[in-house]
There are 2 protein chains.
Amino acid sequence: MQVCFAGTAPLPTSPSPDSFDLAILAILQRDNTTPQRLIGEAVNLSAPAVQRRIKRMEQTGVIAGNVAVVEPAAVGQPITIFVEVELESERSDLIDAAKRQFSAAPEVQQCYYVTGEADFILVITVADMGAYEALTRKLFFDSKNVRKFRTFVAMDRVKVGLTVPLPG
Amino acid sequence: MQVCFAGTAPLPTSPSPDSFDLAILAILQRDNTTPQRLIGEAVNLSAPAVQRRIKRMEQTGVIAGNVAVVEPAAVGQPITIFVEVELESERSDLIDAAKRQFSAAPEVQQCYYVTGEADFILVITVADMGAYEALTRKLFFDSKNVRKFRTFVAMDRVKVGLTVPLPG
DNA sequence: GTCCCGGCGAAACAAACTTGCATTTGGAAG
DNA sequence: CTTCCAAATGCAAGTTTGTTTCGCCGGGAC
């Protein structure tokens, strides 16, 4: 049954997803291989309408990408490490340089510039501690601007994902 | 032209992806909407062969899932926060209870049990600091087992993803 | 009241995915 | 050394899925 009649729920002109978009996102960020027909049934919309909304959200950047999640341990990268990095200087050009250097390393899965007792937090994936040691040499010891860093080795990846909580 | 002849690269019996699998994964974890025909051209395999390998990696868990990446700021969750949590007791049953409680919260995007000066590291997504304050009350202050926690607010999501570095 | 605009649903179209089969190869057994 | 078996490939057909086009309806502006 179709609760929403034509025209009663206009698509957002440019940004701000409505409740239909959010319902679609909730499904897609769990499994983006779900057929649009099933999505339509779940949210009470036709398949083309779902398609249009998805395409729009991809173009406007609400959907940043569609990716396969790879299990690191299955491809020889079983170790996940968190690093808090504290810089010597917080000059903006040095901050930007650090951002670029951290981002360029493929082992750096995630990099955030943060407030608080550290300047950066990195999430790193490596094959073994030797690889991590080599990486610290490259990223931290060879950089004159790193004052200190603290390492946390993950023993259990309790919950991993990029899922965003959605209202509704 | 087909460089690799039939049988010259036997599929691994159960685990350990070969170089073909890794090449496919490298593409899929960047964009899993890539047509299998294009993947085949890129890795010198036919489309059905690509399909079989993908299916197998999904069944064996090498590919943990296929998801759409949602931009948090576009859905009203612009704030990303890191929290280091230190527990009072490290009794295993209390550790497990903490894992369950943290995982159950939708705002907790990622949760890792770690070594070092903290016990857990959480990645949290919220709409505003008020929501974070309420969450800290629920997760930390109401829990008798949380000794202390340190908060880092992300000013810049420099690099975000679940991409695993792949040899080759 | 009339016109214009935007979105929706149904159907036709195109593309991709999936499946079965014959072929070839590498390795093990005789 | 020869033979057999298991496994993976490529090709081709069938099926599902995603995409586009069309006509219709409701709402806002004049």
Side-chain angles (χ1 to χ4, degrees), chain A residues 1-60 62-69 74-75 168, chain B residues 1-60 62-63 65-70 168:
Chain A
M1 181 207 292
Q2 182 64 21
V3 176
C4 174
F5 299 95
T8 55
L11 282 183
T13 52
S14 53
S16 57
D18 62 7
S19 62
F20 284 99
D21 289 324
L22 294 179
I24 294 171
L25 287 177
I27 296 174
L28 290 183
Q29 75 174 343
R30 210 170 49 82
D31 179 10
N32 72 354
T33 65
T34 309
Q36 296 174 347
R37 179 177 54 83
L38 295 182
I39 300 176
E41 293 174 5
V43 303
N44 286 322
L45 238 53
S46 71
V50 172
Q51 149 65 16
R52 277 188 287 266
R53 287 171 179 272
I54 293 174
K55 186 176 181 181
R56 173 194 299 246
M57 289 191 286
E58 286 175 346
Q59 289 176 340
T60 59
V62 177
I63 296 177
N66 292 281
V67 304
V69 179
V75 291
Chain B
M1 183 209 293
Q2 184 62 24
V3 175
C4 173
F5 300 95
T8 54
L11 282 185
T13 52
S14 52
S16 56
D18 62 6
S19 63
F20 283 100
D21 289 324
L22 295 179
I24 293 171
L25 287 177
I27 295 174
L28 290 183
Q29 76 175 344
R30 209 170 50 82
D31 179 11
N32 72 353
T33 67
T34 309
Q36 296 174 346
R37 179 179 54 85
L38 294 182
I39 299 176
E41 293 174 4
V43 303
N44 286 323
L45 240 53
S46 71
V50 171
Q51 148 64 14
R52 277 187 283 266
R53 286 171 178 271
I54 293 175
K55 184 177 182 181
R56 203 154 68 89
M57 288 191 286
E58 287 175 345
Q59 289 176 341
T60 59
V62 178
I63 295 178
N66 292 281
V67 303
V69 180
V70 176

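In what follows, chains carry the letters A, B, and so on, assigned in the order in which the sequence lines appear, proteins first and then strands, with residues in each chain numbered from 1. Just so it is clear, the model here is predicted, and its values are computed rather than measured.
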- What is the distance from CZ of Arg56(B) to C1' of dA7(D), rounded to the nearest Å? 10 Å
- Message: Given dA10(C), dT9(D), dG18(D), identify the nucleotide with an atom nearest to the side chain of Pro48(A).
- Response: dA10(C)
- Item | Among dT20(D), dC11(D), dC17(C), the nucleotide that comes nearest once only the side chain of Gln36(B) is considered | dC17(C)
- Distance-minimising heavy-atom pair for Asn32(B) and Val67(A): ND2-O, 3.3 Å
- Start at the 5' end of DNA chain D and walk down; is the nucleotide closest to Ala47(B) or to Ala47(A) reached first? Ala47(B)
- Answer yes or no: does a side-chain N or O of Arg52(B) lie under 4.0 Å from OP1 or OP2 of dT18(C)? no
- Item | Nearest non-hydrogen partners of Pro17(B) and Ala74(A), listed with the distance | CD-O, 3.3 Å
- Could you check how far CG of Asp31(A) sits from P of dT17(D), rounded to whole Å? 13 Å
- Task: Starting at atom CD of Gln51(A), determine the distance to atom P of dT16(D), rounded to an integer number of angstrom.
- Result: 20 Å
- Query: Between Pro35(A) and Ala49(B), which is nearer to the 5' end of DNA chain D once each is assigned its nearest nucleotide?
  - Reply: Ala49(B)
- Close side-chain approach of Met57(A) to Val70(B), heavy-atom, < 4.5 Å: no
- Please check the phosphate of dC17(C) (OP1 and OP2 only) for any side-chain N or O of Lys55(B) closer than 4.0 Å. no
- Grab the CD1-P distance between Ile39(A) and dT19(D) for me, whole Å please. 11 Å
- Phosphate contact (dA8(D) OP1 or OP2) by Arg53(B) side-chain N/O below 4.0 Å: no
- Item | Distance, rounded to the nearest Å, where Asn32(B) contributes CG and dA16(C) contributes C1' | 14 Å
- The salt bridge (charged side-chain N to carboxylate O under 4.0 Å, His left out) partners of Arg30(B) (sequence neighbours excluded) come to none
- Length of the CG-C1' vector between Asn44(B) and dT9(D), whole Å: 13 Å
- Query: What closest approach, in Å, do Ile54(B) and Gln36(B) show between heavy atoms, and which atom pair accounts for it?
  - Reply: CD1-NE2, 4.2 Å
- Which of dT18(C), dT17(D), dA16(C) is nearest the side chain of Arg37(A)? It is dT17(D)
